[in-house]
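Report on the following structure.
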Amino acid sequence: MKTLLVPVALHDALPSVFDTALLVARRFGSLIEGVALRPALAEYVPVDMVGGMTWLRDEEADRAEAETAGSRFIAHMEAAGLPRREVGTSCAPRAAVEAGARFRWRPDVPPGDAFLGQYARLFSATVVGRPGNDDRSPRMTTFETALFESGRPILLAPPTAPTTLGEAIVLAWNGSTETARALAFALPFLRRARRVLVLSAEGGMVPGPSAEDVARSLVCEGIEADHRALPAGRRTPGELFLDEAASYGCDLLIKGAYTQSRLRQMIFGGPTAHILAEARIPVLMAH
């Protein structure tokens, strides 16, 4: 987790996104790179269904908002005491390892989510805010673009900034390929954790290894982990994972994203949809 990408748009959860990235950077000596997240003009061209009129958002206003986003990112990093590195500078491998937490801002990014999905492939993880349904919340399209297009993990920041991250970790295990991939990405966190719990929920598993199997396999990675299989009851698997994470004192949840289809989860709900709507702790996700 030596490089973190932070796409910056103006929303209420932005301080939490910054602080979540800072916790990771200080834990691993990471470089945090911020970029302005600007939707392409075609993404917000509303159509008047009565009069057939269309309008475009003012491009100058869009640029000004991106500059404001950059100013907020830089001010937050500097207030946290991180040194700034300019984009384009490089260093020897040993120097990068020993450099410690630092940040840089890349101003020259094109609008549109397509850029984010491609650029995020260069980073250990992308840090985004937990999506919401109103204009003051992070956009779902930002989360989904980074999740499905980057091939890298997403670190989901909760609405309120966390104070710790990675001390007590819960793996929401369901036997799936997506969760196995999330587990692999999370190994740097697991190796530094004080406590690890592998949790499965009856009714939420797909054919695959059990929570006990995973806990045993982690021993070979030098990681001691408890395991627990929860019986079915009135709560859904998503509710079980969040409730048990809270009881455990968890400050990082690991979860495979959309092991059921997105359409199915939109219609019927599912663990990923529930966690996206309700999580109050950082969540590391992969697809």
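Residue indices begin at 1 and follow the sequence shown.
- Residues that satisfy the salt bridge (charged side-chain N to carboxylate O under 4.0 Å, His left out) test with Arg84, not counting sequence neighbours, are Glu86.
- One distance of note links CG of Leu252 with NZ of Lys255; it measures 14.0 Å at 0.5 Å rounding.
- Sorted by first and then second residue, the ring-ring contact (aromatic ring centres under 6.0 Å, His included) pairs involving residues 113-143 (not counting sequence neighbours) are Phe115-Tyr119, Tyr119-Phe123.
- A search for side-chain hydrogen bond (donor to acceptor under 3.5 Å, both in side chains) contacts involving Asn133 returns nothing, not counting sequence neighbours.
- At least one donor-acceptor pair under 3.5 Å links the side chain of Ser16 to the backbone N or O of Pro158.
- Listed by first then second residue, pairs satisfying salt bridge (charged side-chain N to carboxylate O under 4.0 Å, His left out) with a partner in residues 209-222 read Arg191-Glu221, Glu212-Arg216, not counting sequence neighbours.
- Leu31 and Leu82 fall into different hydrophobic clusters, where Ile, Leu, Val, Met, Phe, Trp and Tyr residues are linked whenever their side-chain heavy atoms come under 4.5 Å apart, directly or through other members.
- Considering only residues two or more places apart in sequence or on other chains, Arg26 meets the salt bridge (charged side-chain N to carboxylate O under 4.0 Å, His left out) condition with none of them.
- When all heavy atoms are compared, the tightest approach of His11 to Arg136 is CB-O, 3.4 Å.
- Atom NE2 of His287 is separated from atom CZ of Phe148 by 5.0 Å, given to the nearest 0.5 angstrom.
- Residues satisfying the side-chain hydrogen bond (donor to acceptor under 3.5 Å, both in side chains) test with Thr3, not counting sequence neighbours, are Ser124.
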Output side-chain donor-acceptor pairs under 3.5 Å for residues 164-175, partner residues at least two apart or in another chain, one line each.
| from | atom 1 | to | atom 2 | distance (Å) |
| --- | --- | --- | --- | --- |
| Thr164 | OG1 | Asp251 | OD2 | 2.7 |
| Glu167 | OE1 | Arg194 | NE | 2.8 |
| Glu167 | OE2 | Arg27 | NH1 | 3.0 |
| Trp173 | NE1 | Pro209 | O | 2.7 |
| Asn174 | OD1 | Ser176 | N | 3.1 |
| Asn174 | OD1 | Ser176 | OG | 2.7 |
| Asn174 | OD1 | Thr179 | OG1 | 2.8 |
| Asn174 | ND2 | Thr259 | OG1 | 3.2 |

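- The stretch residues 192-243 participates, sequence neighbours left out, in no ring-ring contact (aromatic ring centres under 6.0 Å, His included) pair at all.
- Residues satisfying the side-chain hydrogen bond (donor to acceptor under 3.5 Å, both in side chains) test with Thr160, not counting sequence neighbours, are none.
- The shortest side-chain heavy-atom distance between Pro153 and Met285 does not fall under the 4.5 Å cut-off.
- Of the possible polar contacts, one joining the Ser150 side chain to the Arg152 backbone as a donor-acceptor pair under 3.5 Å is found.
- Taking the salt bridge (charged side-chain N to carboxylate O under 4.0 Å, His left out) definition, one finds that Asp226 meets it with nothing, sequence neighbours left out.
- Residues Leu23 and Phe189 are members of one and the same hydrophobic cluster, defined by side-chain heavy-atom contacts under 4.5 angstrom among Ile, Leu, Val, Met, Phe, Trp and Tyr.
- Between Arg228 and Glu244 there is a salt bridge, since at least one side-chain N of the basic residue sits less than 4.0 Å from a carboxylate O of the acidic one.
- Between the side chain of Glu239 and the main chain of Thr236, a donor-acceptor pair closer than 3.5 Å is present.
- Partners of Arg121 by salt bridge (charged side-chain N to carboxylate O under 4.0 Å, His left out), not counting sequence neighbours: none found.
- The side chain to side chain contact (heavy atoms under 4.5 Å, CB included) test with Ile254 is passed by exactly one of Leu199, Leu190, Val283, Val196: Leu190.
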Going by atom type alone, with no hydrogens or angles, which donor-acceptor pairs under 3.5 Å involve a side-chain atom of residues 69-79 and a protein atom two or more places apart or on another chain?
| from | atom 1 | to | atom 2 | distance (Å) |
| --- | --- | --- | --- | --- |
| Ser71 | OG | Glu67 | O | 3.1 |
| His76 | NE2 | Asp19 | OD1 | 2.7 |

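- In this structure a side-chain-to-backbone donor-acceptor pair under 3.5 Å is missing from Tyr248 to Asp243.
- Of the possible donor and acceptor atoms, none in the side chain of Arg104 sits under 3.5 Å from a partner among the backbone N and O of Ile32.
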